[in-house]
Every structure is written in structure tokens, then in C-alpha cells.
Amino acid sequence: MTALTFMTMKAQKSYIFYADGVEEVEAVATVDALRRGGLDVVTVSITDSTTVTGATGQKLEADALIGDIDTTDAQWIIIPGGVPGAPNLHACEKVNEIIKAQWACGGKLASICAGPAVVLAPTGVLKGMKATCYPGLGDQIEAGGGTYVELPVVVDGNLITSEGPGTTLQFAGAIIEVTLGADKAKEVMSSMLVAE
């Protein structure tokens, strides 16, 4: 490998967005597993503070503010759920713009819990795609032009969706598998004692 080749191999970052009311398990466990797998994940607050209050009152500290990041070469855009976390993400126009831009350029999207139904579906990115979400919200996926599938995790091309807090590690494992292969995903999940 030449020095020039090495210099042009810029490591891609993935971004997960935090709003007040985010589901803490989905926010923290997803990042934990992905970083164990070697992905460069940046946690991003959509508020004017890096400190976000989760759905159960836990304080989360984000790495960056949404106004300070550049997602044009993002590897993944990740949208967690939670109430009112997901509605708060949906209400943020910058989040919607980032999602649409990522999808328009063939980029990868991942979302869990209320995220697919409340945040992704209204942007139009689920049209023609199979997706899952928190049980009871599937009609919103259908309204957004997608096909609701009642499974813990659904992978459809560059889109990964999942049901909720209890499926978070399966969700993260699917992201690792799509990015780095099945062997790496199995290695990370095994190290975390995730049952197969």
C-alpha cells in the first residue's frame, strides 16, 4: 500500500442522534457494540447542549452538537427511538435533511423502536422498503410507503430496522455484519455474551 493510498483511505464516521426523551438502552448499547466492532461512531445532540435527558431521566453526554458535524460522507446515520425522543427527532428539520441526503446518495440508514415509524417514514425513505418498528406503529411504516414486517430486525439493502430496547444488540449486530461481515459480528456479539 502506497502512502498516497493510505492517505486517501479516510475512515468513515457513523452518526447516532440523541434528542431529549431518547430510549437510553438503544442509544448507549448500540454505540457500545458498534465501537467494540471498530466502527467510528459519533453521538450527536440535536439540542443546544451536549447533555441530553433520556426517556427514563438518565443524562447522556453526546460527542457533538448537530450544527457542528458534517455527515456528507457518513457510513451510517442511526436513529434511535423513545418517546418523546423519536417525535423530537422528527421535529428537527436538520435530522430530516440528513436522513434524506444520506438515502439519496445511496448511504446506509439504521433505526430502531419508534424511529422507523415516527422519524424515517415521514421522510419518504421507506417507500418500497421492508421495515420493522415498535409493535403497534407498523401502520405508520405502511403509510410512508413501506412494508411492515413483524420481526426483531429487518435488513433490506442499505436499511436496517429493529423493534425496540430488547432487540438493541441484535440491531447493532446487524449493523456490524453489514459493515464488517458476519465473522466480525459474531465475534463482537460472542464477546458480549449475546445469545444466538
Side-chain angles (χ1 to χ4, degrees), residues 14-19 21-39 41 43 54-56 58 60 75-87 89-90 95 99 102-103 107-123 125-196:
S14 294
Y15 299 88
I16 182 168
F17 293 93
Y18 289 1
V22 68
E23 171 53 58
E24 294 98 337
V25 170
E26 297 160 6
V28 175
T30 299
V31 173
D32 181 289
L34 297 183
R35 286 179 175 167
R36 288 172 192 256
L39 276 72
V41 184
T43 58
T56 67
Q58 297 176 64
L60 305 180
Q75 187 167 40
W76 288 94
I77 295 297
I78 304 167
I79 304 295
V83 175
L89 288 175
H90 171 60
V95 169
I99 289 168
Q102 176 79 348
W103 196 244
K108 296 177 175 67
L109 293 173
S111 187
I112 185 168
C113 195
V118 175
V119 187
L120 295 190
T123 69
V125 301
L126 297 187
K127 286 180 183 168
M129 304 299 292
K130 294 177 182 173
T132 193
C133 62
Y134 194 82
L137 300 178
D139 59 331
Q140 294 181 54
I141 285 176
E142 300 277 342
T147 300
Y148 173 61
V149 181
E150 195 172 343
L151 288 172
V153 178
V154 174
V155 179
D156 188 358
N158 283 349
L159 175 71
I160 297 177
T161 52
S162 189
E163 287 186 317
T167 63
T168 300
L169 292 178
Q170 290 171 270
F171 172 65
I175 295 171
I176 295 168
E177 182 169 344
V178 168
T179 311
L180 301 170
D183 288 347
K184 185 63 175 180
K186 186 174 182 180
E187 174 192 317
V188 174
M189 294 297 106
S190 177
S191 75
M192 296 178 76
L193 304 181
V194 178
E196 289 188 36

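Keep in mind the model is a prediction, meaning the values are calculated, not measured. These values consider heavy atoms only, across backbone and side chains, with no hydrogens, waters or symmetry-generated copies.
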Dump the intermediate steps for side chain to side chain contact (heavy atoms under 4.5 Å, CB included) on W103 and T123, then the final yes or no. CA-CA 10 Å; W103 196 244; T123 69; over 6 Å; no
When every non-hydrogen atom of A86 is compared with those of V119, the smallest separation belongs to O-CG2, 3.3 Å
Just how far is it from atom CD1 of I99 to atom NE2 of H90, taken to the nearest 0.5 Å? 10.0 Å
I would like to know whether F17 and I78 meet side chain to side chain contact (heavy atoms under 4.5 Å, CB included); could you show each step before the answer? CA-CA 7 Å; F17 293 93; I78 304 167; over 6 Å; no
In a check of side chain to side chain contact (heavy atoms under 4.5 Å, CB included) between Y134 and each of P116, S162, C113, which one passes? C113
Least distance between heavy atoms, Q75 atom then S14 atom: CB-OG, 3.5 Å
Under a 3.5 Å distance rule, please check whether D156 uses its side chain to pair with a backbone N or O of K130 as donor and acceptor. yes
I need the T56 OG1 to E24 CD distance, nearest 0.5 Å. 3.5 Å
For the pair V153 and I160, evaluate side chain to side chain contact (heavy atoms under 4.5 Å, CB included) and give the outcome as yes or no after the intermediate values. CA-CA 7 Å; V153 178; I160 297 177; 4.0 Å; yes
List the atom of A117, the atom of Q140, and the distance in Å for their closest heavy-atom pair. O-OE1, 3.6 Å
Is there a side-chain contact between C133 and V118 in this structure, where contact means two heavy atoms from C-beta onward sitting under 4.5 Å apart? no
Could you tell me whether the side chain of V41 reaches within less than 4.5 Å of the side chain of T30, counting heavy atoms only? no
Would you call E163 and E150 a side-chain contact if the rule is heavy atoms closer than 4.5 Å? yes
Do the side chain of E26 and the main chain of G81 share a donor and acceptor less than 3.5 angstrom apart? yes
Donor-acceptor pair, Y18 side chain versus A27 backbone, under 3.5 Å? yes
Taking the side chain as every heavy atom from C-beta outward, state whether E23 and P80 have any pair of such atoms under 4.5 Å apart. no
Would you say Y148 and T132 make side-chain contact, with heavy atoms under 4.5 Å? yes
On a heavy-atom basis, the closest approach of L180 and G37 is CD1-O, 3.1 Å
Enter the distance from I175:CD1 to W76:CH2 here, rounded to the nearest 0.5 Å. 5.5 Å
Testing I112, L151, V149, V154 for side chain to side chain contact (heavy atoms under 4.5 Å, CB included) with T161, which one passes? V154
Given the options I79, V31, V22, V28, I16 meets side chain to side chain contact (heavy atoms under 4.5 Å, CB included) only with V31
Contact summary for P165 and V25, nearest pair of heavy atoms: O-CG1, 3.7 Å
Is there a donor-acceptor pair under 3.5 Å between the side chain of S191 and the backbone N or O of V188? yes
Between L34 and I176, is there a side-chain heavy-atom distance shorter than 4.5 Å? yes
Could you give the distance from CD (E142) to CG (D139), rounded to the nearest 0.5 Å? 8.5 Å
Where is the tightest heavy-atom contact between R36 and M192, given as atom of each residue plus distance? CD-SD, 3.6 Å
